[in-house]
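Below is one structure, written out as structure tokens, with a few remarks after it.
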Protein chains: 2
Amino acid sequence: MTGSEQRDPGGALSRRVPDLGAMELLMAVARLGSLGRAARELGISQPAASGRMRALERQLGVALVRRSTGGSALTEEGAVVTEWARRVLEAAADFDAGARALRGRRDSRLRVAASMTVAEYLLPGWLTALHARHPGTAVSLAAGNSVVVAQQVAAGEADLGFVEGLDVPAALDAAVIGRDRLLVVVAPGHPWAARRRPLPAAELAATPLLLREEGSGTRQVLDAALTAHGGPPAVPLLELASTTAVKSAAVGGAGPAVLSELAVADELSAHRLAAVPVAGLDLRRALRAVWPAGHRPAGPARDLLALTRPAAGAKAALRSM
Amino acid sequence: MTGSEQRDPGGALSRRVPDLGAMELLMAVARLGSLGRAARELGISQPAASGRMRALERQLGVALVRRSTGGSALTEEGAVVTEWARRVLEAAADFDAGARALRGRRDSRLRVAASMTVAEYLLPGWLTALHARHPGTAVSLAAGNSVVVAQQVAAGEADLGFVEGLDVPAALDAAVIGRDRLLVVVAPGHPWAARRRPLPAAELAATPLLLREEGSGTRQVLDAALTAHGGPPAVPLLELASTTAVKSAAVGGAGPAVLSELAVADELSAHRLAAVPVAGLDLRRALRAVWPAGHRPAGPARDLLALTRPAAGAKAALRSM
DNA sequence: CGCGGGTCATAAGCGGCGGCTATGACCTGA
DNA sequence: TCAGGTCATAGCCGCCGCTTATGACCCGCG
């Protein structure tokens with residue numbers, strides 16, 4: 001430790017990280033090569049951009065741009081920081097796409113209903129892509145469990161639905177758009193994290209777990225798999241209101257949790273959680289798009305549906321590295 | 001379009017997206033189940049948290065928490081929004097980890113030198129993981145091209161280096177920690193995006209491309225592959241200062257670009273860029289950790305190195321979905 | 001050679017937003 | 001019934017980022 005730094009480890013991230021506006025400015029400067037042009041693009045005055053950039057560099061303690069008469073170019077450090085900023089802004093753009101859809105509610109062109117897992121982890125990216133390719137599309141989003149989603153689609157309250165789970169109501173047509181699997185995860189310090197042999201299903205069933213509340217799709221699939229295996233349903237150690245809360249508790253070491261692999265991909269790759277293999281338990285489930293039987297999706301619904309499939313191609317690209 | 005909304009499409013994202021502090025507050029409320037407790041954790045007063053949350057809900061136009069006497073629980077929409085916020089904050093935490101390392105510079109325990117690709121796309125995640133597992137470790141980061149990195153490590157100015165490319169200087173020991181591949185990418189509207197057959201290498205060599213400046217590792221590998229194939233080196237359409245700038249230009253439709261798959265994974269999965277297969281051109285390259293010959297990494301350097309390997313396991317988890 | 005057009009920086013004023021303290025309303029459990 | 005927890009409202013204030021106005025600097029052009 002250098003002494004003066006790190007006085008607040010773990011708390012108040014937003015104090016140590018620059019503003020989204022500052023990151024946006026940095027990216028604009030990187031792209032346009034000039035503080036003034038960046039300012040104009042963002043709709044602020046040139047002095048404002050100059051001052052903001054200076055403050056940003058002061059906060060980070062690093063020179064980000066080399067100013068000259070003919071413009072401003074990134075330093076090496078600036079290029080690196082810009083890329084980090086881009087990742088943050090990309091997540092923010094997903095947030096924005098989702099939030100817009102959530103606010104829309106009525107009178108929107110494309111009404112989507114999605115299960116929590118899809119709404120949380122997949123839909124924001126699809127919506128940003130949709131916005132990039134079809135900027136005029138207004139979308140509204142209703143999030144709920146798979147049963148509610150199916151009802152809304154069947155009742156004509158939503159044009160397109162996304163559900164996870166085993167069964168599809170007869171009133172709906174469906175297409176599988178991906179697969180999902182529940183994982184048993186623990187904090188890296190947990191005894192299970194060191195296991196090499198798969199965990200017996202009976203031991204999992206006997207261990208109190210961090211779970212979503214009863215009625216969640218995740219919980220249903222877990223109980224179904226355990227009972228199909230001949231055991232009792234899962235025993236809750238804590239029942240928490242949201243996926244995020246379950247994850248936080250698991251990362252904090254409260255106990256083992258069972259969550260969608262989509263929900264824990266980040267934590268796994270950052271080694272904040274470890275996956276525990278389980279013997280002989282099928283925790284896979286299909287993610288499906290659903291729509292009223294007979295009514296082939298058209299227009300905006302078709303556009304969105306088209307975006308959900310070729311994700312396989314992108315994953316293939318990642319896979320090959 | 002509902003009329004009043006979307007008056008500023010594409011510009012000033014930071015106007016439409018809540019503050020990082022607001023997102024942090026939302027996550028704290030989700031985890032702790034109470035505005036007051038969240039306020040205490042963030043070091044602000046309870047009324048401040050209350051007001052901020054109210055403002056957040058007003059901005060998004062959605063009720064996020066259900067307030068009651070016994071605390072505050074997330075609504076369905078709140079759970080979804082919280083997860084989106086978590087993604088943003090995770091990217092912000094990576095930013096923070098990188099920025100800390102960048103500021104450290106001198107007098108730090110572990111001095112890392114990394115090529116641009118590694119520094120931009122991989123290192124922030126490793127640093128957050130390192131911080132999570134070994135909170136006391138202070139890290140400094142120098143970013144530059146692979147040659148500079150090798151020099152710094154050889155000169156003892158860095159304890160551990162990360163390079164991409166073909167050759168490793170004799171003065172250094174190295175371990176391959178991953179593979180990387182250059183991709184030819186174009187905007188979705190570009191003619192090449194619709195190709196089914198691979199692009200002949202000669203056509204690639206004959207087409208002006210968006211490239212990093214001469215001397216970058218990416219450029220070197222591309223030229224090496226083209227000349228090994230018997231052709232001329234790449235022809236620049238534009239030479240840009242940073243990976244981010246190249247990407248922006250490519251997304252904007254300026255022309256084809258050649259970039260690391262790590263750099264374009266996000267854009268590919270969001271369909272802002274499309275990968276173009278190229279016939280008979282080997283654009284793979286190894287990512288290596290390097291250290292002074294004979295000096296096996298120990299202490300913090302060993303900890304960090306250990307985090308870079310099991311990433312393969314995490315990728316395997318994603319792969320299986 | 002001096003003049004416009006571009007760059008960035010400095011100076012001074014101002015408005016808003018987020019913070020604080022103080023207080024009150026409300027429910028619950030002892 | 002009272003203590004302790006919840007959240008909300010009110011009024012004040014300081015900071016931070018915005019604005020406009022100006023100046024320094026460099027380039028290319030007439």
Handout entry: L56(A) CG to dC18(D) P, straight-line distance once rounded to whole Å
Key = 12 Å

Practice task
For Q59(A) and dC16(D), give me the distance from atom CD to atom C1', rounded to whole Å.
Solution key: 12 Å

Handout entry: L42(A) CG - dG17(D) P separation (whole Å)
Key = 15 Å

Exercise for the section: Walking along DNA chain C from 5' to 3', note the first and the last nucleotide with an atom under 4.0 Å from a heavy atom of chain A, and give both. Expected result: dG6(C) to dT10(C)

Problem - Residues in side-chain contact (heavy atoms from CB on, under 4.5 Å) contact with R86(A), at least two apart in sequence or another chain - result: M27(A), E83(A), E90(A), Y121(B), T244(B), K247(B), D266(B), E267(B)

Practice task
Check whether any side-chain nitrogen or oxygen of R37(B) sits under 4.0 Å from OP1 or OP2 of dT6(D), and answer yes or no.
Solution key: yes

Problem - Euclidean distance, atom CZ of residue R15(A) to atom C1' of dC16(D) [Å, nearest integer] - result: 12 Å

Practice task
Return the residues of residues 45-53 of chain B meeting this criterion: a heavy atom under 4.0 Å from some atom of DNA chain C. Order them by number, or give none.
Solution key: S45(B), P47(B), A48(B), R52(B)

Exercise for the section: Select from I44(A) and T69(A) the residue whose nearest nucleotide in DNA chain D is closer to the 5' end of that strand. Expected result: I44(A)

Exercise for the section: Report which part of the nucleic acid R58(B) touches: base, sugar-phosphate, or nothing (heavy-atom distance under 4.0 Å, all strands). Expected result: nothing

Fill in the blank from the handout: side chain to side chain contact (heavy atoms under 4.5 Å, CB included) with W84(A): of D96(B), L102(B), L123(B), only one passes, and it is L102(B)

Practice task
Apply side-chain contact (heavy atoms from CB on, under 4.5 Å) to S260(A) and list each qualifying residue two or more places apart in sequence or on a separate chain.
Solution key: T117(A), D180(A), L182(A), L262(A), A263(A), R285(A)

Fill in the blank from the handout: Residues passing the salt bridge (Lys or Arg N to Asp or Glu O under 4.0 Å) test with E120(A), sequence neighbours excluded, are none

Problem - Where V139(A) and L130(A) come nearest, the two heavy atoms and their spacing - result: CG2-CD2, 3.9 Å

Exercise answer: donor-acceptor pairs, residues 42-53 of chain B side-chain atoms, under 3.5 Å, sequence neighbours excluded:
residue	atom	partner	partner atom	Å
S45(B)	OG	A48(B)	N	3.3
R52(B)	NH2	D19(B)	OD1	3.4

Exercise for the section: Any chance you could measure L56(A), atom CG, to R54(A), atom CZ, to the nearest 0.5 Å? Expected result: 11.5 Å

Practice task
Take T243(B) and R212(B), measure what side chain to side chain donor-acceptor pair (under 3.5 Å) needs, and give me the verdict at the end.
Solution key: CA-CA 7 Å; T243(B) 305; R212(B) 288 288 306 277; 3.2 Å; yes

